[in-house]
Every structure is written in structure tokens, then in C-alpha cells.
Amino acid sequence: MGSGKSTLGPILANTLGYDFVDVDRMIEQKSGKSISEVFQELGEEKFRQMERDALHEVVGMRDAVVSLGGGAIANEENFQLVHAYGFIVYLRMSPEEATRRMRHKVNRPLLKGAEGEMLDEEALRKKITDLMKKREQFYTRADVIIETERQRIGTTVDDLVKLLRVQMTRRSNP
């Protein structure tokens, strides 16, 4: 969350001449609800099922950059599915930077308290740190890991294109 997927994804897709697909937007369109509403009304388990269904739909797409929610690949089945059909990119940043970027966001259901209330900065940092630790085992297995904390968007996209082209060459010439 807050790593830059929604900003970098469309720019990367445009640079590569690919389509851009955001799995969370797919879920919102299909359900007619915002992600926050899905979590609140249907629960996280139903959201994760909708996310899995969307992943099965997008893995068949060619020439697409797909933005996944932060928890989409924090599950072995989802990780293997996405990895089998594409490249996984981890936009890495520190919990402190994630907290800085997310502290004023109101539409992140996993970053709220038990009653749906906004968290103070310390509680938010702890929640983000805990989520990152839990998901790190999946994130660090990404095909490409790139730091997004102190780099300009254009530089990050240029670096991503180079790193992805290396990965594409490796997969086509085993």
C-alpha cells in the first residue's frame, strides 16, 4: 500500500506499449462497491475470493501491466499463479515511508482500527510494519525488486523497464 503502484503502473504500461489493469478497480466495477465497502459489508474473506477470481481473469492477458493490491500475492496459491504467467515486481519502501504516504488516506480498510476508526501515526506505523513483515516472505521472492522511496518516478520507470527486459530475456532463453 502506498508504494506507487497506481502511479507507476500506467506510466510503465505506456512506456512498454502495454495495457494497464488495476485488480482493485476490477473488483470495484464488478461488485459496484468501493474496496472499503466490500471489506465493510462483505468482509476480508469475500474480498480475497473476489481478488482470486480477478487474478484468474488477468493472468490470461497478454501485454499488460497489472496492479495488485498489497495482499494479493501474500498467499502461496496467488503467488504461484501470478508468477507462472508474468513477472512480479516489488516496489519496496520502508514502513516509515509507507506510514508517511498513508497517514491521511481514509480508504484503506486494513489500516483502520477494530471499529473502522482512523489510527494515530504510531498505531498506523505498527500496523503497516506488521503487515509488511507478514507479507515480506512473498514480496522478497519477486522477479524484480526496486526501491521507490527516494527516486524520481521517471528514473524508477526507466530502471523497471531495464530490469523487466532482463527478466524477459532470461525466460525466453533459459
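Model, not experiment: these values are computed from the prediction. Just the heavy atoms: all of them, side chains too, but no hydrogens, waters or symmetry mates, feed the values below.
Put simply, the side chain of Arg170 reaches to within 4.5 Å of the side chain of Gln167, judged on heavy atoms. Side-chain contact between Val161 and Leu12: present, with at least one pair of heavy atoms (C-beta onward) separated by less than 4.5 Å. Annotation: side chain of Val38 is not in contact with side chain of Glu28 (no heavy-atom distance under 4.5 Å).
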Before giving the answer on side-chain contact (heavy atoms from CB on, under 4.5 Å), spell out for Leu16 and Val65 the whole-Å C-alpha distance, their side-chain angles and the decisive distance to 0.1 Å.
CA-CA 9 Å; Leu16 294 170; Val65 171; 4.2 Å; yes
What do the steps show when you test Arg52 against Asn75 for side-chain contact (heavy atoms from CB on, under 4.5 Å), and what is the final call?
CA-CA 10 Å; Arg52 255 187 307 282; Asn75 155 308; 3.9 Å; yes
Assess the residue pair Lys30 and Glu57 against the criterion (salt bridge (Lys or Arg N to Asp or Glu O under 4.0 Å)); give the C-alpha distance rounded to whole Å, side-chain angles, the decisive distance to 0.1 Å, and a yes or no.
CA-CA 12 Å; Lys30 288 186 183 219; Glu57 192 174 326; 2.5 Å; yes
Applying side-chain contact (heavy atoms from CB on, under 4.5 Å), run through Ile35 and Phe47 and close with a yes or a no.
CA-CA 8 Å; Ile35 297 301; Phe47 170 76; 3.6 Å; yes
Report the C-alpha separation of Phe87 and Val144 in whole Å, then their side-chain angles, then the decisive distance to 0.1 Å, and conclude whether the side-chain contact (heavy atoms from CB on, under 4.5 Å) test is met.
CA-CA 8 Å; Phe87 299 102; Val144 172; 5.7 Å; no
Could you check Asp22 against Lys5 for salt bridge (Lys or Arg N to Asp or Glu O under 4.0 Å), going step by step and ending with a plain yes or no?
CA-CA 9 Å; Asp22 186 313; Lys5 297 179 301 286; over 6 Å; no
Run Arg100 and Glu96 through salt bridge (Lys or Arg N to Asp or Glu O under 4.0 Å) and show every step you take.
CA-CA 6 Å; Arg100 187 187 69 74; Glu96 293 74 25; over 6 Å; no
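With hydrogens and angles disregarded, no donor-acceptor distance shorter than 3.5 Å links the side chain of Arg48 to the backbone of Gly43. Side-chain atoms of Asp143 come within 3.5 Å of backbone N or O of Ile88 as a donor-acceptor pair. Between the side chain of Thr155 and the main chain of Gln151, no donor-acceptor pair closer than 3.5 Å is present.
Rounding to the nearest 0.5 Å places NZ of Lys126 at 12.0 Å from OG1 of Thr99. Note that CZ of Arg125 is 9.5 Å distant from OG of Ser94, once rounded to the nearest 0.5 Å. Summarising the geometry, atom OG belonging to Ser3 is positioned 7.0 Å from atom CZ belonging to Arg101; distances are rounded to the nearest 0.5 Å. Atoms CG and NE2, on Asn78 and His56 in that order, are 7.0 Å from each other to the nearest 0.5 Å. Note that the OG atom of Ser34 and the CD1 atom of Ile27 stand 11.5 Å from one another [nearest 0.5 Å]. Here Ile128 contributes atom CD1 and Lys133 contributes atom NZ; the two are 13.0 Å apart, rounded to the nearest 0.5 Å.
Put simply, Met61 and Met50 are part of the same group of oily side chains (I, L, V, M, F, W, Y) that touch within less than 4.5 Å, one to the next. Transitive grouping of hydrophobic side chains (ILVMFWY, heavy atoms separated by less than 4.5 Å) keeps Leu91 and Phe79 in distinct clusters. In the hydrophobic clustering of this structure, Tyr90 does not group with Ile146; members are Ile, Leu, Val, Met, Phe, Trp, Tyr whose side-chain heavy atoms approach within less than 4.5 Å, directly or through other members. Side-chain heavy atoms closer than 4.5 Å link hydrophobic residues (I, L, V, M, F, W, Y) into clusters, and following such links, even through other members, never connects Ile73 to Leu164. No chain of hydrophobic side-chain contacts below 4.5 Å, direct or via other Ile, Leu, Val, Met, Phe, Trp or Tyr residues, connects Val66 to Leu8.
Here the shortest heavy-atom pairing between Thr7 and Pro10 reads O-CD, 3.5 Å. The two residues Ala64 and Val21 come nearest to each other via the heavy atoms CB-CG2, 4.5 Å. When all heavy atoms of Ser67 and Phe20 are compared, the closest pair comes out as CB-CZ, 3.7 Å. Residues Ile145 and Thr140 share a closest heavy-atom pair of CD1-O, 3.7 Å. Residues Asp24 and Gly69 approach most closely at OD2-CA, 4.2 Å, considering heavy atoms.
In summary, of the residues considered (Leu160, Asp158, Asp159, Ile153), a side chain to side chain contact (heavy atoms under 4.5 Å, CB included) with Thr156 occurs for Leu160 alone. Gln80 pairs in a side-chain hydrogen bond (donor to acceptor under 3.5 Å, both in side chains) with only one of the listed residues (His83, Glu77, Glu76), which is Glu76.
Annotation for Arg141: atom CZ counts as buried by contact number, over 12 foreign heavy atoms lying within 6.0 Å. For OH of Tyr85, the number of neighbouring non-hydrogen atoms (other residues, nucleotides, ligands) closer than 6.0 Å is 12 at most. The 12-atom threshold is not exceeded at CD of Glu45, counting heavy atoms of other residues, nucleotides or ligands nearer than 6.0 Å.
Comment: Lys33 engages Glu41 in a salt bridge, judged by a side-chain N to carboxylate O separation of less than 4.0 angstrom.
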